[in-house]
Amino acid sequence: MAKLELNSDLAELAKVAAWLDGADCAMALQGKLRFAVELCLEEALTNVISYGSPELVCVDCQPHGERVVVTVRDDGVEFNPLAVAEHDQ
């Protein structure tokens, strides 16, 4: 299945579950692993959409032997954690 392309809208997250079921890596994603990947993707995509202001976000999932590689790419603002002031502890 092709990559998932999402617009910069949190409502687009509803497409993730259905896409994972048809993705190239669907056979490798079963049970707890599939749930974990979906949860991680939703968290990553929420952060990208909420803070990166992208126009488009692309997700890909490919099997690699016994592993699964999930890639998230966007055209939003880059976040540099080293440029953020430290918090008081």
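Nothing fancy with the numbering, it's 1 onward along the sequence. Computed from a predicted model, the values in this text were never measured in an experiment.
- Nearest heavy-atom pair across P54 and S8 is O-CB, 2.7 Å.
- The heavy-atom pair separating N80 from L82 by the smallest distance is OD1-N, 2.9 Å.
- In the hydrophobic clustering of this structure, V16 does not group with F35; members are Ile, Leu, Val, Met, Phe, Trp, Tyr whose side-chain heavy atoms approach within less than 4.5 Å, directly or through other members.
- The closest side-chain heavy-atom distance from V70 to V37 is below 4.5 Å.
- Not a single donor-acceptor pair under 3.5 Å links the side chain of R34 to the backbone N or O of A28.
- With 3.5 Å as the limit, one finds a donor-acceptor pair spanning the side chains of Q62 and D60.
- Checking side-chain atoms of E12 against main-chain N and O of N7 turns up a donor-acceptor pair under 3.5 Å.
- Between C61 and D24, every side-chain heavy-atom pair lies at or beyond the 4.5 Å cut-off.
- Considering every non-hydrogen atom in both D21 and A26, the closest pair reads O-CB, 3.3 Å.
- Between L56 and E5, some side-chain heavy-atom pair lies under the 4.5 Å cut-off.
- Note: N47 CG to F79 CZ = 9.5 Å, rounded to the nearest 0.5 Å.
- By the 4.5 Å heavy-atom criterion applied to side chains, T71 and V69 are counted as neighbours.
- By the rule that hydrophobic residues join a cluster once side-chain heavy atoms approach within less than 4.5 Å of another member, V72 and L10 end up as members of one cluster.
- For the pair E43 and L41, the minimum side-chain heavy-atom distance is 4.5 Å or more.
- Contact annotation: the side chain of D9 never approaches that of I49 to less than 4.5 Å [non-hydrogen atoms, C-beta and beyond].
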